Amino acid sequence: MRIDIITLHPELLESPFQHSIMKRAQEKGLLEVCVQDLRPYGLGKHLQVDDYQYGGGAGMVMMIEPLSNCIEKLQKERSYDEVIYMTPDGERLEQPLANRLSLKENLLIICGHYKGIDERIREHFVTMEISIGDYVLSGGELPAAVLVDAIGRLLPGVLNDETSALFDSFQDGLLSPPVYTRPEEFRGWKVPDVLLTGNFKKIEEWRYDQALKRTVERRPGLLEEE
Ligand code: SAH
């Protein structure tokens with residue numbers, strides 16, 4: 001899968017994909033993340049990319065021309081399954097949406113800044129708008145990184161244990177059960193006995209019960225959605 005991200009701040013997107021699972025996904029050739037700097041598409045001597053909004057009011061708006069030039073150049077090189085704009089008023093990112101997007105070949109993500117982007121980009125180029133939650137961040141870079149991470153870890157072969165993403169929270173409509181590692185006892189705090197029995201059937205039952213309990217306590221809404 002290839003994901004292009006259009007941004008005014010490419011440096012904000014350097015680190016998130018250079019470590020851990022996202023790094024491995026790229027090294028294995030399963031994921032290609034291409035950060036596209038919008039600045040060279042800016043207008044005039046100063047490579048302007050934003051301007052005051054019509055009708056007045058505080059805050060700059062990202063202009064239509066640099067964005068459309070950048071999008072169209074990329075679209076000439078390959079066809080994108082979706083052109084995604086990260087925005088607080090978009091569809092909320094939840095696990096099923098990440099699952100769906102992980103089946104695509106090429107995605108193009110646009111990061112906004114300041115007041116956002118000229119509405120005509122949204123009307124004529126964007127095919128999908130995604131929010132990472134009901135709060136406002138200063139730019140679309142962190143939301144884009146969240147989206148790419150959520151998608152990237154689902155690509156077959158990215159996680160070492162191929163099935164492990166299936167057992168994460170939300171995948172089966174339940175939160176994850178608690179997990180423990182060595183030592184068996186620390187300051188008198190013990191690992192639950194059942195996990196040390198080696199009885200896999202019992203362990204699975206215990207995990208399921210814990211996952212259910214946790215979901216009922218913390219996110220009962222997940223059970224109602226089923
Ligand atoms: N004025 C806009 C917010 C602009 S925030 C509004 O009220 O809707 C600047 C940029 O940050 C946005 O263009 C978007 O790309 C990004 N952004 C901020 N919060 C976000 C969120 N919760 N989810 C996705 N993108 C977000």
Side-chain angles (χ1 to χ4, degrees), residues 1-17 22 31 33-43 46-75 80-102 104 106-154 168-170 219 221-222 225:
M1 169 184 257
R2 172 176 168 133
I3 304 181
D4 288 86
I5 309 176
I6 300 177
T7 171
L8 275 175
H9 299 285
E11 59 288 356
L12 278 177
L13 287 164
E14 269 167 27
S15 167
F17 309 117
M22 289 305 109
L31 174 68
V33 181
C34 303
V35 177
Q36 307 287 347
D37 186 359
L38 184 63
R39 183 59 66 176
Y41 298 87
L43 306 182
H46 299 293
L47 299 178
Q48 187 182 358
V49 290
D50 55 33
D51 210 336
Y52 297 103
Q53 55 177 316
Y54 279 120
M60 305 295 271
V61 175
M62 287 170 67
M63 300 164 82
I64 191 166
E65 284 155 287
L67 274 170
S68 62
N69 287 339
C70 180
I71 294 168
E72 281 175 339
K73 177 188 173 266
L74 291 168
Q75 282 178 327
Y80 290 93
D81 298 297
E82 301 286 355
V83 177
I84 299 168
Y85 175 46
M86 304 309 301
T87 175
D89 59 9
E91 175 181 356
R92 183 93 64 87
L93 176 61
E94 310 272 13
Q95 193 64 51
L97 177 55
N99 294 352
R100 263 199 332 273
L101 288 174
S102 73
K104 308 287 185 188
N106 295 309
L107 297 176
L108 178 54
I109 302 177
I110 303 168
C111 304
H113 245 273
Y114 319 115
K115 282 307 268 182
I117 63 176
D118 190 299
E119 187 68 17
R120 291 165 291 182
I121 289 284
R122 301 174 65 166
E123 287 167 4
H124 300 288
F125 292 94
V126 169
T127 61
M128 202 173 202
E129 302 190 320
I130 299 179
S131 162
I132 63 161
D134 286 350
Y135 42 84
V136 177
L137 299 167
S138 43
E141 287 76 14
L142 295 177
V146 167
L147 178 63
V148 172
D149 189 304
I151 294 171
R153 63 195 298 286
L154 297 172
D168 283 330
S169 290
F170 308 113
R219 297 290 302 279
L222 288 177
E225 283 163 25

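Quick caveat, the model's predicted, so the values are computed rather than measured. In each ligand, atom 1 is the first atom listed, and ligand 1 is the first ligand listed.
- By the 4.0 Å N-to-carboxylate-O rule, D37 lies too far from R39 to be salt-bridged with it.
- Between L97 and L147, the closest side-chain pair of non-hydrogen atoms is not below 4.5 Å.
- Under 3.5 Å, the side chains of N69 and E65 contain no donor-acceptor pair of N or O atoms.
- For T87 and E129, the side-chain atoms include no donor-acceptor pair closer than 3.5 Å.
- Using a 4.0 Å cut-off between a side-chain N of Lys or Arg and a carboxylate O of Asp or Glu, R122 and D89 qualify as a salt bridge.
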Please tabulate, one line per pair, the protein nitrogen or oxygen atoms found under 3.5 angstrom from a nitrogen or oxygen of ligand 1, with distances to 0.1 Å, or say none if there are no such pairs.
residue: ligand 1; atom: 1 (N); partner: K115; partner atom: O; Å: 3.3
residue: ligand 1; atom: 11 (O); partner: G139; partner atom: O; Å: 3.4
residue: ligand 1; atom: 11 (O); partner: G140; partner atom: N; Å: 3.4
residue: ligand 1; atom: 13 (O); partner: Y85; partner atom: OH; Å: 2.7
residue: ligand 1; atom: 15 (O); partner: M86; partner atom: O; Å: 2.6
residue: ligand 1; atom: 15 (O); partner: G112; partner atom: N; Å: 2.9
residue: ligand 1; atom: 19 (N); partner: L137; partner atom: N; Å: 3.0
residue: ligand 1; atom: 22 (N); partner: G133; partner atom: O; Å: 3.0
residue: ligand 1; atom: 22 (N); partner: Y135; partner atom: O; Å: 2.9
residue: ligand 1; atom: 23 (N); partner: I132; partner atom: N; Å: 3.1
residue: ligand 1; atom: 25 (N); partner: T87; partner atom: N; Å: 3.3

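- Salt bridge D134/R92: present, at least one basic N to carboxylate O contact under 4.0 Å.
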